[in-house]
Amino acid sequence: MAKSSVLILSLCILAFTHRCLSYDPSTDPELQGRRRECELRRISTQQPIRKEVSEAGVTEFWDQFNEQFESAGVAIIRHTIESRGLLLPSYTNAPRLAYISRGRGVIGVMAPGCPETYQSQEESQKGSGQRFRDQHQKIGHYRQGDLIALPAGVAHWCYNDGDEPLVALVFFDTSNDANQLDSNYRRFSLAGNPQEGQRRIVSRKGQEEGSGNNIFGGFDTRILAEAFGVSIETARKLQNPEDQRGHIVRVEGGLEMLSPTLSREQQGREYRRGPNVNGLEETICSSRLIETLADPTRADVYTSQAGRLSSLNSYTLPILEFLQLSVEHGRLYKNAMMAPHCNLNAHSVIYGLRGSARVQIVSERGQAVFDDVLREGDLVIAPQNFALVKQAENQGFEWVAFKTNANAMISTLAGKTSVMRGLPLDVIANAYQISREEASSLKYNREEVTLLAPTYRSSGRSAAA
Amino acid sequence: MAKSSVLILSLCILAFTHRCLSYDPSTDPELQGRRRECELRRISTQQPIRKEVSEAGVTEFWDQFNEQFESAGVAIIRHTIESRGLLLPSYTNAPRLAYISRGRGVIGVMAPGCPETYQSQEESQKGSGQRFRDQHQKIGHYRQGDLIALPAGVAHWCYNDGDEPLVALVFFDTSNDANQLDSNYRRFSLAGNPQEGQRRIVSRKGQEEGSGNNIFGGFDTRILAEAFGVSIETARKLQNPEDQRGHIVRVEGGLEMLSPTLSREQQGREYRRGPNVNGLEETICSSRLIETLADPTRADVYTSQAGRLSSLNSYTLPILEFLQLSVEHGRLYKNAMMAPHCNLNAHSVIYGLRGSARVQIVSERGQAVFDDVLREGDLVIAPQNFALVKQAENQGFEWVAFKTNANAMISTLAGKTSVMRGLPLDVIANAYQISREEASSLKYNREEVTLLAPTYRSSGRSAAA
Amino acid sequence: MAKSSVLILSLCILAFTHRCLSYDPSTDPELQGRRRECELRRISTQQPIRKEVSEAGVTEFWDQFNEQFESAGVAIIRHTIESRGLLLPSYTNAPRLAYISRGRGVIGVMAPGCPETYQSQEESQKGSGQRFRDQHQKIGHYRQGDLIALPAGVAHWCYNDGDEPLVALVFFDTSNDANQLDSNYRRFSLAGNPQEGQRRIVSRKGQEEGSGNNIFGGFDTRILAEAFGVSIETARKLQNPEDQRGHIVRVEGGLEMLSPTLSREQQGREYRRGPNVNGLEETICSSRLIETLADPTRADVYTSQAGRLSSLNSYTLPILEFLQLSVEHGRLYKNAMMAPHCNLNAHSVIYGLRGSARVQIVSERGQAVFDDVLREGDLVIAPQNFALVKQAENQGFEWVAFKTNANAMISTLAGKTSVMRGLPLDVIANAYQISREEASSLKYNREEVTLLAPTYRSSGRSAAA
């Protein structure tokens, strides 16, 4: 038993490495040609720097060349897909986690080797009067508060089947072991054409300004025609060089597809209850890829005066073991605090969903490399091991944090289960040159776990316990 | 069950990382000191650039400093060993896969801690009239079409016991996790002396031109004599500084060694049926290291009009789990095509064995970074995720492809099991702005899996299904 | 069975990578912007270069910017803690192995999520007359010859409860996958203040000379007060900016803590026999972190005339699977030799504990990159795959070697179980152009495993066996 536990732990740690947090590369000539030092002396909140406007939506890009992103080896984009908008099929060179911050939608994932398990018994009919029988790989439904996890290289499409815009914050782990290319974020489009916005984010160099195409655009049209057994004209439509709609297109009349009929309430849950046809198919084909994250009834930590904290990791969403990523969602009530802590084994990419909080991040020198207010739409990266505290302001604070480890752990410095609780009283007294009475108050005054209610006072309590 | 599947999948992905495909490093001063961008805008076929001529054979080296090799983190050499030629014992800093493209031979692998399981009951006799009883580690037989897999650091020797030259294409994964040195290919010779040819490939710098030795050459001769309990003269022969034969030497009269006597037909199979003495020895000592790859009767995919495809991965040759590598062998008939596809989780190092094919490789910008004919002896590296198509010319095409993942997967874009098949018809119609009829022909016209027969026409078919 | 063996082997190899042993980076302008070549043409013994003097002890730092350390991706420090000295709580960004070369002590490890399992039934009493009941996480006892293994990010404190100084050599694997920051060694202090000594070692750049603090120093004092529920004054003591004692402080009167009462003889063993409360706690909370290494009665290899060799790896100390590290302790008697060998899958950081030995390290060019005497307190790094020999001088030699693989393996070139033993006689004869008689003496003259007794002669023996 101990053996397998250790094995599982070791797997958690194995996958992520060599993210150099090189915020301030040395200019010392002695260091040229050596491993760069990463100083980490300043971190700042980040907003998107570029925008790609499509027919039925907008994609915003954070600057992946910003030192924080480059150093942590991650990239972030945000899709806003209008009602009846279809995000065209594509795949990327990095595993991704998408948090649905608004709306609802449908996703289709085309994993190689997986069967087309959604089949029409009756023929569908549309427009032209012709009838088509169809079958395709399974599709999943999701809505606000859900997380979607996708492996690198797996093609997918998304569709907003709701009435309001669908907003998804998408995290790419470009330095994941699954990516053997360099750590640039690369989107391989199967349809549509990459726009200026994406091209710019892919590279800042001048010579990239030529036209981008979907990947069919790079093949000889005759080869494509033969590969698909279609006419040259149809093959040319695959390449579609004149398509100006961008990668989110409008589906007039709505998208028709096969889907089990469920009451609205059940829909969000269907994808992950797909029947496992047999044991041999228990692979990525039948992995659960969508899971609820923000549901208050599933909180891992709940303090009635302070807030709640939920997470998805390899134990609660097994595909995350494969991706070596995990995610946390938190909600702090007015003036409540998430106890000072460090991310033991992962970087943490924190995105403000609602409200605001004062956040401090402290380096190993004991200096605050970040001390600012994080608001809705702001993003900050807390490096592994750095100490961190969040205190909600008057509106409370809600956030999602993507973490570069399948089982990211935090080590709290205050409260129950904290490092301080694990220390013998006499070590505390000697370490801080304080009385055993003060040591006892440091150790025992806070009884909450991780999330701390506001106290409305600044004077100490007498020793409890 | 699902858990262990995911675990296995995750192991497949874990091992390879940080191969920067930096074909075109940026010269933008803004980017100095940051992670290099890897532009991947041109890929070309590669031939060997240097040759090391030995007494009984030739070794050719591809340029490991070429951007394609350097970026993918791999190295390639090709041995041609004459009949009765012995490749002297050595080990390298990277795991290797060798594909035998011609001839047959014998290999001895000296894995540390493994017993000498080949023992002579009777005494052998030779030349001098003296008799020697001998025992040594097991040896394996292989022939054309076989693959040999060896872990990093494990010493081995090879011998051509056939009548025709033995030709082996050897792939080294220098960026494998098993290599903690830099990603240069390093051969540590236990006998003979490295030649100019190898030294040049090891480094292009001028100061390397001094003499190379086998590793015994670097030790004090007296220490060697004591370590082996032999005379100074014998120790000096270990170092053998005057040996000019190179690392493939001729064995006059043929090499004598212990080997189970089998009919010729059985020989190729012996190595991997070695008895497992007990459960405790089920380690690298008894791992199967040789397996047939090119045998038509073992094809994974076979289309009577198009060709066949075989592969060895961690499920069919378990040592590949340890090496985190896999291999594919393919044969396309005249004008047949391997469907457009991408390598989902690995780079693919493709080497032409016979005939020729037009190959196109397409980047995430939809641009062909490679569009050329690949002929016998040519090599090209298809980066992970890049789209790829092969169409055989009039002579057909046969190739072997080394892949940097223990279970490399491809995702086909056309044909049965393709991404296109996984898409709902209406998504295809909307994505490419085509009718549902055309969408249906794109999706269903090709019924073959991966390998597509030539169609001899360029007009489309009507919707099938 | 074979499957799981291979799996375990593969895990051993997976974790370490991309340590570029770039001792001599190329200055060839052609190579600018490419992967550096690592020449490895000279290696030298290393001593500490800086010292941090604290109230009750000294910490010495090896130069982590030295090419050997930087390239192998490791850092080394040595603590000398006086009797009643307390090493203040801290954590680092890299997993660590500490070898206790002198004295004895106590360690407390604060792993997040682990319970406070040491509880006082009665109240303890001290100084002020007040009584405190306390509970804290378990503590461990260790003494000379023990190894302590700690994961990255886990906070701990140490205390010398003996009468003589406690000396610990601490190895940090800064390029371990567990560290997602850059490969600088970073100590996050929970108390005390980092001193000039440490700051200097962290960076050689001029601008770092500002004051360092413990991590509480970077937080707003009011937030701290609220987080701990204490007064501003107490919070200020946590930050403790005026503390000049360094990170090893004296505990007047001795540290009081909860600990099972054992006879002195049993103490060293207690930590690792902690009861596993239930199966769910068989995690890091109940992992054995301390184990005897240097105990002669536990030797893995023992040759009565030559010496002994012990090691701890993932099979003997399972936490090492998680850390992906292992360790070897050796003792050579006067003039005895450790057979020429190479480290198959790990770098080896060798530290001289007592006596001296002549050590030769040979590169793949067959050149000695190191040929020197290693004395007590000297350290040298033998790169993976490089050939290595050690011969004790007149005082014998005792060493500890840290290895960057959970199951580091060596491949010996001479003696029983050596590569030479695995070769057929005829391969040896042909490889070195020697008679079968000489080949037989090379192969069979030494019957010992790994450790070779001095022979006192330099002439060969006749063929044995």
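Below, read A as the first sequence line, B as the second, and so on, with proteins coming before strands; counting in each chain starts at 1. Because the structure is a prediction, the values reported are computed rather than measured.
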Inset, instruction - Look at B:Glu447 together with B:Arg421 and state whether they make a salt bridge at an N to O cut-off of under 4.0 Å. - result: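 B:Arg421 and B:Glu447: salt-bridged.
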Between [X] and chain B, with a heavy-atom cut-off of 4.5 Å, which part of the residue counts as in contact: side chain, backbone, both or neither?
{"X": "A:Leu86", "result": "side chain"}
{"X": "A:Asn240", "result": "side chain"}
{"X": "A:Ser90", "result": "neither"}
{"X": "A:Leu88", "result": "side chain"}
{"X": "A:Tyr159", "result": "neither"}

Inset, instruction - Among A:Ala152, A:Ala227, A:Pro112, A:Ala235, single out the residue with the greatest number of heavy-atom pairs under 4.5 Å to chain B. - result: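 Highest number of pairs under 4.5 Å: A:Ala227.
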Inset, instruction - Quick one: which of A:Val154, A:Asp243, A:Val249, A:Leu224 has the most heavy-atom pairs under 4.5 Å with chain B, could you say? - result: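 Of the candidates given, the most pairs with chain B belong to A:Asp243.
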Legend entry - A:Gln137: partners by side chain to side chain donor-acceptor pair (under 3.5 Å), with sequence neighbours left out: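 A:Gln137: no side chain to side chain donor-acceptor pair (under 3.5 Å) contacts found.
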Legend entry - Stepwise side-chain contact (heavy atoms from CB on, under 4.5 Å) test for B:Asn430 and A:Trp157: CA-CA 12 Å; B:Asn430 278 284; A:Trp157 53 269; over 6 Å; no
Inset, instruction - Kindly assign one of parallel, tilted or perpendicular to the pair A:Tyr91 and A:Phe188, based on the angle between their ring planes and the thresholds 30° and 60°. - result: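 If you compare the ring of A:Tyr91 with that of A:Phe188, the planes turn out parallel.
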Inset, instruction - Report the relative orientation of the aromatic rings in A:Phe216 and A:Phe228; use parallel for angles under 30°, tilted for 30 to 60°, perpendicular for over 60°. - result: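 A:Phe216 vs A:Phe228 ring planes: perpendicular.
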What residue in [options] has the most heavy-atom pairs under 4.5 Å with chain A?
{"options": "B:Pro340, B:Ala439, B:Ala431", "answer": "B:Ala431"}
{"options": "B:Val362, B:Asn385, B:Ile410, B:Leu344", "answer": "B:Asn385"}
{"options": "B:Val419, B:Asn343, B:Val449", "answer": "B:Val419"}

Inset, instruction - List in chain and number order the residues that pass salt bridge (Lys or Arg N to Asp or Glu O under 4.0 Å) with B:Arg358, two or more places apart in sequence or in another chain; answer none if no residue qualifies. - result: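 Only A:Asp220, B:Asp371 meet the salt bridge (Lys or Arg N to Asp or Glu O under 4.0 Å) criterion with B:Arg358.
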Inset, instruction - Let me know if B:Leu451 has heavy atoms under 4.5 Å from chain A in its side chain, its backbone, both or neither. - result: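 No part of B:Leu451 comes within 4.5 Å of chain A.
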Legend entry - Side chain A:Asn176, main chain A:Pro95, donor-acceptor under 3.5 Å: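 No: the side chain of A:Asn176 does not pair with the backbone of A:Pro95.
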Inset, instruction - Check whether the side chains of A:Tyr185 and A:Asn179 place a donor and an acceptor atom closer than 3.5 Å, and report yes or no. - result: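 Looking only at side-chain atoms, A:Asn179 and A:Tyr185 do not form any donor-acceptor pair under 3.5 Å.
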